[in-house]
Amino acid sequence: MEYNFSAIEPGIRQFWKEHEVYKVLNDSAQPKYYVLDMFPYPSGSGLHVGHPLGYIASDIVARYKKSKGFNVLHPMGFDAFGLPAEQYAIETGQHPSATTEKNIKRYKEQLDNIGFCYDWSREVKTSDPEYYRWTQWIFIQLFKSWYNPLTQKAESIDSLIRILEENGNAGIPAPGDTALQVSAADWGSIDEAARRDVLMQYRLAYLDYAEVWWCDALGTVLANDEVVNGVSERGGHPVERKRMRQWFLRITAYADRLLSGLDGLEWSEAMKEMQRNWIGRSEGAAVQFEVKDSTARIEVFTTRPDTIFGVDFMVLAPEHELVARITTADRMAEVEQYQAYVRSRSERERMAEKKITGCFTGAFAIHPVTGREIPVWISEYVLAGYGTGAIMAVPAGDDRDHGFARHFDIPVTNIFGEQYNGEQAYTAKDAVLENSGFISGQKVPEAAAAVLDYLEQKGIGTRKVNYKLRDAGFSRQRYWGEPFPVVYKGDIPYTIDEAEAALPEPLQQLPVVLPHVESYRPGPEGEGPLANIDSYLWVTNTRGEQLRRETNTMPGYAGSSWYFLRYMDPGNAGFLAGKAAADYWNQVDLYVGGTEHAVGHLLYARLWTKVLCDLGYLSFDEPFRKLLNQGMIQGSTRFVYRIKGTSTFVSFNLKDQYETDPIRVDVSLVDGVTLDTEAFKAWRPDFAGAGFILEDGKYICGSETEKMSKSKYNVVNPDDIVRQYGADTFRMYEMFLGPIEMSKPWDTKGIEGVHKFLKRFWRLFQDEQQGLAVTDEQPSEQELKVLHRTIKKVEEDTERFSFNTAVSQFMICVNELTDLKCRKRAVLDPLVRVIAPYAPHMAEELWQQLGHKESVVAAAYPAWEERYVVDNTKVYPVAINGKTRTEMEFALDAPQADIEAAVMSSEKVQHYLEGKTPKKVIFVKGRMINIVL
RNA sequence: GCGGGUGUGGUGAAAUUGGUAGACACGCUAGACUUAGGAUCUAGUGCCGCGAGGCAUGGGGGUUCGAGUCCCUCCACCCGCACCA
């Protein structure tokens with residue numbers, strides 16, 4: 001019988017479903033293994049062939065681990081809140097919950113088509129109130145917690161209150177305002193509002209001000225994504241930065257633990273390095289500069305205190321709060337103009353800008369050591385959010401400062417003597433300081449230490465650790481996200497369960513359900529759409545006070561920061577995940593996803609896990625033990641070439657004879673590189689009258705590798721591939737394309753090889769006329785060698801996620817067994833179990849045909865035997881001066897002397913020796929022989 | 001600008017520890033079978049060369065008996081950069 005995948009696969013999927021073979025229980029005597037895919041966002045365009053790459057890999061691992069005796073948790077769900085659904089709602093009026101449901105349904109169909117072994121009974125959706133009640137609950141924990149620097153842990157805010165009552169905040173500076181000093185007496189005498197202001201400076205979820213993109217024409221706040229080239233993507237309206245009060249998560253409190261926690265994780269070094277760089281820990285000094293004729297003090301952070309004698313000017317971020325205070329009257333107009341320019345610029349643009357811009361404020365700072373007056377400038381290259389938003393500029397020792405000084409003709413003080421050439425800053429750390437007062441003649445480390453001692457002694461500076469990491473903005477002025485469980489009494493925020501808010505009992509309960517809206521228009525003053533709904537906005541408490549609800553919603557990463565916990569115990573109505581379930585499943589053993597989440601999602605999920613662990617809700621503080629990054633599958637775009645000013649298209653190899661415009665053509669109209677000209681004419685009305693200049697009777701397209709996207713007409717839908725070749729072929733082909741972590745282009749043409757292989761695999765079992773043709777004969781030594789080597793190789797390759805080489809091994813195995821005409825059960829029965837994780841449908845079908853009643857999913861992975869995988873001879877490459885000239889076979893246990901003698905006397909070697917005596921013979925047992933002349 | 005990654009045949013790639021570069025496939029060429037072939041099978045296929053042989057892992061240099069693999073340097077491309085998820 002032919003391999004008829006389209007008849008086999010749906011039935012097999014039905015069989016799995018009916019027998020609930022993917023159902024996972026939380027209690028099992030088997031060891032657990034938790035393999036997780038990164039949460040998909042269910043976009044309206046569905047899956048393309050790039051998305052399932054990681055899902056196939058994790059599915060193979062999940063099935064393989066099951067066959068190795070593990071109780072495997074392999075769930076799937078949806079990150080269902082997000083901007084695209086809301087944007088779509090604004091454009092079409094359809095409610096995001098409706099479109100999201102539709103998209104999820106489509107995603108699930110597409111995923112099921114590929115035969116993944118998800119336990120769908122554990123599916124979670126972040127937009128489900130039963131899910132987001134726990135997202136809100138975690139937010140409340142964050143709000144009611146602070147990071148105790150003495151215990152290095154998050155603790156309940158109550159422990160802070162007790163400390164404040166007894167001792168004030170001496171020794172535990174507020175991370176939100178390090179200058180804040182509150183004695184026990186102060187704490188006792190201030191009112192509730194003032195106390196809550198103090199606590200706000202400590203909370204892990206806190207309110208502060210931050211800038212957002214504001215578009216006046218649209219009356220709304222825009223995401224970075226929605227701002228393109230300095231104008232709104234929709235409509236092209238001007239945008240500017242606007243300060244708004246927003247929620248933040250104090251991730252900076254965890255900077256050191258997020259850094260040190262990386263050491264124990266099995267993530268790629270590249271991934272860890274990205275997180276380290278993102279956290280950006282640097283040691284240096286905070287130094288105060290007085291401002292001439294002003295009470296203002298400018299604080300800077302520097303990692304090179306040794307260069308302090310080379311400070312020639314200061315630069316403040318244009319939005320620095322001191323700018324307005326210190327700018328002199330005559331410079332005011334110009335400074336304001338420059339500030340307006342910078343307000344229109346994104347951080348990215350500012351950092352990447354090569355053109356040097358800046359503006360003198362008219363103010364002078366006083367050098368804290370020499371007393372010299374140094375000009376204070378503002379420039380976009382200094383960012384308000386990094387360090388203190390101000391720098392001491394040392395042009396002799398810093399490239400950017402040097403460029404700035406030259407551009408604005410600021411004289412450069414040379415503190416490096418001969419080492420500085422006047423053309424370029426001298427940035428090497430091996431410098432010897434010169435012209436630098438009491439540190440002249442010293443090297444960088446000792447000079448830095450000396451300066452630090454001096455500054456600390458004089459009280460004008462301190463040793464300081466700085467982080468590039470910034471606290472995470474947690475408010476979105478949007479509708480389609482988790483509502484905050486927060487109400488305001490005047491300006492003071494309370495979580496709904498706090499006694500001080502005095503809400504009636506039902507209003508204290510989670511979840512705070514996202515109200516239905518008819519319009520997604522933003523509220524007044526840049527607030528989100530929730531501000532338009534009076535019935536939601538205002539609540540009356542038991543004291544008859546009118547409280548206003550928070551109108552922002554949470555960002556996309558809120559729900560995805562803890563979803564891996566919910567899968568463990570998705571039905572739990574009493575807690576986000578029951579203790580027993582969380583202890584059993586524990587950390588995710590393998591997390592599969594793209595590198596694009598390196599510093600966003602992965603950092604936030606680590607933070608939430610650490611907080612929940614500190615507060616006693618979890619027994620582990622790192623969520624993802626091992627991380628596997630899958631590369632992208634790129635699109636292969638096809639081009640046709642239209643002769644300028646005509647509707648004639650010329651084939652690829654003839655196009656240079658004409659002047660042409662390349663035009664992207666939908667990949668579905670092309671077979672390999674050959675265009676279906678009739679389909680092309682039918683594709684778009686403006687091509688209906690197209691003419692073609694062919695080569696060899698065909699129209700050949702050009703091709704280029706690009707991101708797979710609708711607009712490039714290079715999207716390939718897995719449904720189409722599955723329909724044409726079957727899910728097993730699709731799965732194996734995706735794996736066969738190359739190493740999982742590498743990016744590679746999709747080429748549908750190449751799938752034939754894998755499909756042919758599966759047909760050959762099938763034919764090992766099947767006779768074309770009679771069907772199953774497996775025999776009970778004793779297998780030969782050679783057949784067993786093929787089998788056992790395959791078991792071993794596939795096992796090793798699967799363990800190290802080298803799926804492409806595992807597929808190759810299957811091909812080699814089938815080629816060899818076909819040559820041996822092997823139809824023996826003793827070989828083929830184990831082979832079905834080996835291939836089952838890769839091609840589960842075919843394996844299940846053959847498994848049943850072999851007479852097994854249980855699903856192959858439950859079958860054990862076969863063990864390989866040493867005696868079938870060892871060789872006792874080796875064909876050695878024999879090289880002369882490193883160049884391989886011949887091959888000779890020897891027993892592996894042959895004595896070296898015998899081998900050397902045989903090699904030297906061989907005719908081929910004698911030919912190359914040309915009578916000379918070799919200087920040396922290198923023999924590496926089991927590897928090679930090299931004769932050095 | 002900063003950070004991370006990747007460069008091997010016409011194409012996707014393999015080479016797991018410094019030890020036969022190109023396994024396994026796609027494509028291409030020739031052939032067999034066939035009423036037919038977008039089925040199946042056989043043979044060939046890195047480049048140059050009639051051949052002996054030479055040259056080849058982005059470019060250049062180095063270490064080594066031996067380098068795709070280690071070191072230095074240069075180049076090209078891809079991804080991320082804090083409100084897309």
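Below, chains carry the letters A, B, ... as their sequence lines are ordered, and counting in each starts from 1.
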Check for me whether A:Arg241 meets the cation-pi criterion with A:Trp213, that is, NZ or CZ under 6.0 Å from the six-membered ring centre and within 45 degrees of the ring axis. yes

Any salt bridge between [X] and [Y], counting N to O under 4.0 Å?
| X | Y | value |
| --- | --- | --- |
| A:Asp871 | A:Arg789 | yes |
| A:Arg276 | A:Glu269 | yes |
| A:Lys792 | A:Glu796 | yes |
| A:Arg478 | A:Glu226 | yes |

Does a side chain donor of either A:Glu550 or A:Asn552 reach within less than 3.5 Å of an acceptor in the other side chain? yes

Do A:Tyr733 and A:Asp747 meet the criterion of a side-chain donor-acceptor pair at a distance under 3.5 Å? no

How would you label the glycosidic angle of B:G9: syn (within 90° of 0) or anti? syn

Between A:Ile751 and A:Lys468, which is nearer to the 5' end of RNA chain B once each is assigned its nearest nucleotide? A:Ile751

When the nearest nucleotide of RNA chain B is assigned to A:Ala472 and to A:Val932 on a heavy-atom basis, which residue is associated with the more 5' position? A:Val932

Rounded [atom1] spacing from [N] to [M] in Å:
| N | M | atom1 | answer |
| --- | --- | --- | --- |
| B:A25 | B:G9 | C1' | 14 Å |
| B:U57 | B:A67 | C1' | 10 Å |
| B:A23 | B:G31 | P | 25 Å |
| B:G59 | B:U11 | P | 15 Å |
| B:C55 | B:A21 | C1' | 13 Å |
| B:U69 | B:G18 | C1' | 7 Å |
| B:G19 | B:C70 | C1' | 14 Å |
| B:G66 | B:A13 | P | 31 Å |

Do other residues, nucleotides or ligands put more than 12 heavy atoms under 6.0 Å from the NZ atom of A:Lys712? yes

Using a cut-off of 4.0 Å on non-hydrogen atoms, how would the nucleic acid contact of [X] be classed: base, sugar-phosphate, or nothing?
| X | result |
| --- | --- |
| A:His597 | base |
| A:Val754 | nothing |
| A:Lys919 | nothing |
| A:Leu469 | base |
| A:Ala270 | sugar-phosphate |
| A:Pro739 | sugar-phosphate |
| A:Gln477 | base |
| A:Trp278 | base |
| A:Arg885 | sugar-phosphate |
| A:Asp671 | nothing |
| A:Asn930 | base |
| A:Thr705 | nothing |
| A:Ile922 | base |
| A:Phe736 | base |

Which label fits A:Phe78 and A:Tyr107: parallel for a plane angle under 30°, tilted from 30 to 60°, or perpendicular past 60°? perpendicular

A:Tyr725 vs A:His755 aromatic rings, parallel, tilted or perpendicular, using cut-offs 30° and 60°? perpendicular

Note, RNA chain B 5' to 3' with Watson-Crick or G-U pairs under 3.5 Å encoded as ( ), [ ], | and . gives (((((((..(((......[....)))((((((.......))))))(((....)))..(((((..]....))))))))))))....

Which two nucleotides bound the region of RNA chain B that has atoms under 4.0 Å from heavy atoms of chain A, read 5' to 3'? B:G1 to B:A85

Backbone of A:Thr357 reached by a side-chain donor or acceptor of A:Ser379 within 3.5 Å: yes

